[in-house]
Number of protein chains: 2
Amino acid sequence: MDLERRVEEFKRKARALGLKVTPQRLAVYKAIAQRHDHPSAEELFEELKDKIEGISLTTVYRTLSSLESVGLVQRVPTLKDKVRYDARVEPHSHFVCLKCGKIYDLDTIPKVNRKEVESVGEPVSCTAICYGICKECKGEEV
Amino acid sequence: MDLERRVEEFKRKARALGLKVTPQRLAVYKAIAQRHDHPSAEELFEELKDKIEGISLTTVYRTLSSLESVGLVQRVPTLKDKVRYDARVEPHSHFVCLKCGKIYDLDTIPKVNRKEVESVGEPVSCTAICYGICKECKGEEV
DNA sequence: TTTTAAGAGCAAACTATTTGTATATGCTTA
DNA sequence: TAAGCATATACAAATAGTTTGCTCTTAAAA
């Protein structure tokens with residue numbers, strides 16, 4: 001889906017969910033939607049502060065948390081202390097480069113042992129994380 | 001493997017890796033090894049502060065980071081801002097309860113689309129996270 | 001034992017994130 | 001389409017989680 005349509009859908013959904021569509025929110029959403037590197041609040045703010053009149057780090061944090069609470073963005077599971085966000089909210093997985101830390105999207109949904117999962121609880125969704133060395137870093141090795 | 005053997009193995013490995021085996025480190029390791037709830041540094045400290053003479057939160061943090069750096073414990077991928085640790089370092093997966101937040105171990109290793117993963121990079125390990133409602137919480141529903 | 005490099009404790013620093021509050025603004029409805 | 005109001009914003013200050021500097025202590029090799 002192209003960005004414009006996603007943005008229109010975002011506006012519609014946000015309003016339907018009782019969230020006002022402000023320039024700041026729109027800017028944050030657009031930024032996440034067109035990047036594929038799952039930025040943190042700080043990174044989004046760095047990108048937007050010069051482009052968008054009147055945006056503060058606080059607003060970025062509050063925006064992300066509002067959007068997350070209505071399911072318009074998602075957190076990415078990580079080992080680190082910084083929260084990273086994803087505008088892809090349908091089930092998918094990630095590849096984390098152990099060298100550069102970049103996170104790539106994988107379309108795959110993992111197959112897990114249903115019996116075992118159900119012995120613990122009722123699953124709602126599953127995601128996989130693959131750790132490894134990305135092609136870019138692989139290429140740099142001499 | 002029983003706790004005693006794991007502790008002996010821990011001592012041996014730690015020394016071999018150049019880490020001194022102190023009472024504090026031993027206590028931290030034992031605590032993680034016998035719990036299955038992947039505690040945070042703070043939670044470990046809460047558990048140990050009354051049992052172990054001379055342990056500080058700082059030491060728990062430093063211990064975890066030393067043990068992690070030599071591979072004797074691992075972080076658990078989460079969506080939250082608190083780092084959680086696991087003494088199971090062999091590949092396995094997790095089930096996260098969306099209601100109570102508890103994290104359960106799954107023995108499964110996910111099957112992912114190898115072709116797709118290799119288009120991004122060279123995988124080293126893969127883990128799955130299943131989100132759902134655990135049996136305990138399911139039982140509470142009236 | 002003795003020696004010494006590594007670990008522990010405390011306090012203070014740091015980083016990521018949240019909150020209080022006064023002002024501004026999307027958007028519903030009259 | 002203007003008005004009113006609930007919701008959003010910015011700033012500063014607070015908080016939570018984690019790390020660091022420094023001094024004293026100790027595990028363990030010799």
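Since the model is a prediction, treat every value here as computed from it, not as a measurement. Below, each value reflects all heavy atoms present in this structure, side chains not excepted, and no hydrogens, waters or symmetry copies. Just so it is clear: chains get the letters A, B, ... in the order the sequence lines come, proteins before strands, and each one is counted from 1.
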*Summarise how protein sits on nucleotides 25-30 of chain D as a single string, 5' to 3': B when a protein heavy atom is under 4.0 Å from the base, S for sugar-phosphate-only contact, - for no contact.*
-BBS--
Rounded to the nearest angstrom, tell me the gap between atom [atom1] in [X] and atom [atom2] in [N].
X        : N       : atom1 : atom2 : answer
Arg25(B) : dG7(C)  : CZ    : P     : 4 Å
Tyr29(B) : dG7(C)  : OH    : C1'   : 20 Å
Leu17(A) : dA8(D)  : CG    : P     : 12 Å
Lys82(A) : dT15(C) : NZ    : C1'   : 9 Å
Glu43(B) : dA16(D) : CD    : P     : 15 Å
Lys80(B) : dA16(D) : NZ    : P     : 15 Å
Asp81(A) : dA16(D) : CG    : P     : 17 Å
Leu26(B) : dA8(C)  : CG    : P     : 11 Å

*Parallel, tilted or perpendicular: which describes the rings of Phe10(A) and Tyr29(A), with under 30° parallel and over 60° perpendicular?*
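Because their plane-to-plane angle is under 30°, the rings of Phe10(A) and Tyr29(A) count as parallel.
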*asked:* Can you classify the ring geometry of Tyr104(A) versus Phe95(A) as parallel (below 30°), tilted (30 to 60°) or perpendicular (above 60°)?
replied: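 Plane angle over 60°, so perpendicular.
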*Report yes if at least one side-chain N or O of Tyr61(B) is closer than 4.0 Å to OP1 or OP2 of dT19(D); otherwise report no.*
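No, Tyr61(B) has no side-chain N/O under 4.0 Å of OP1/OP2 on dT19(D).
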*asked:* For the residue pair Asp105(B) / His94(B), report whether a side-chain donor-acceptor contact shorter than 3.5 Å exists.
replied: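 Result is yes, a qualifying pair exists.
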*asked:* Given 3.5 Å as the limit, does a donor-acceptor pair link the side chain of Glu116(B) with the main chain of Asp107(A), or not?
replied: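 Yes; at least one donor-acceptor contact below 3.5 Å.
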*For the pair Glu68(A) (side chain) and Arg75(A) (backbone), establish whether a donor and an acceptor sit closer than 3.5 Å, ignoring hydrogens and angles.*
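It does not hold such a pair.
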*For a side chain to side chain contact (heavy atoms under 4.5 Å, CB included) with Pro39(A), tell me which candidate from Leu44(A), Val76(A), Val60(A), Asp86(A) qualifies.*
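In the set Leu44(A), Val76(A), Val60(A), Asp86(A), the residue that makes a side chain to side chain contact (heavy atoms under 4.5 Å, CB included) with Pro39(A) is Leu44(A).
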*Leu64(A) and side chain to side chain contact (heavy atoms under 4.5 Å, CB included): which partner among Val83(A), Leu72(A), Ile32(A)?*
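Of all the options given, the one that passes is Ile32(A).
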*Nearest to the side chain of Thr58(A), which nucleotide is it out of dT9(D), dT18(C), dT19(D)?*
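Selected nucleotide (nearest to the side chain): dT18(C).
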*Considering only heavy atoms and no angle criterion, is a donor-acceptor pair shorter than 3.5 Å present between the side chain of Arg62(A) and the base of dG20(C)?*
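Such a pair exists between side chain and base.
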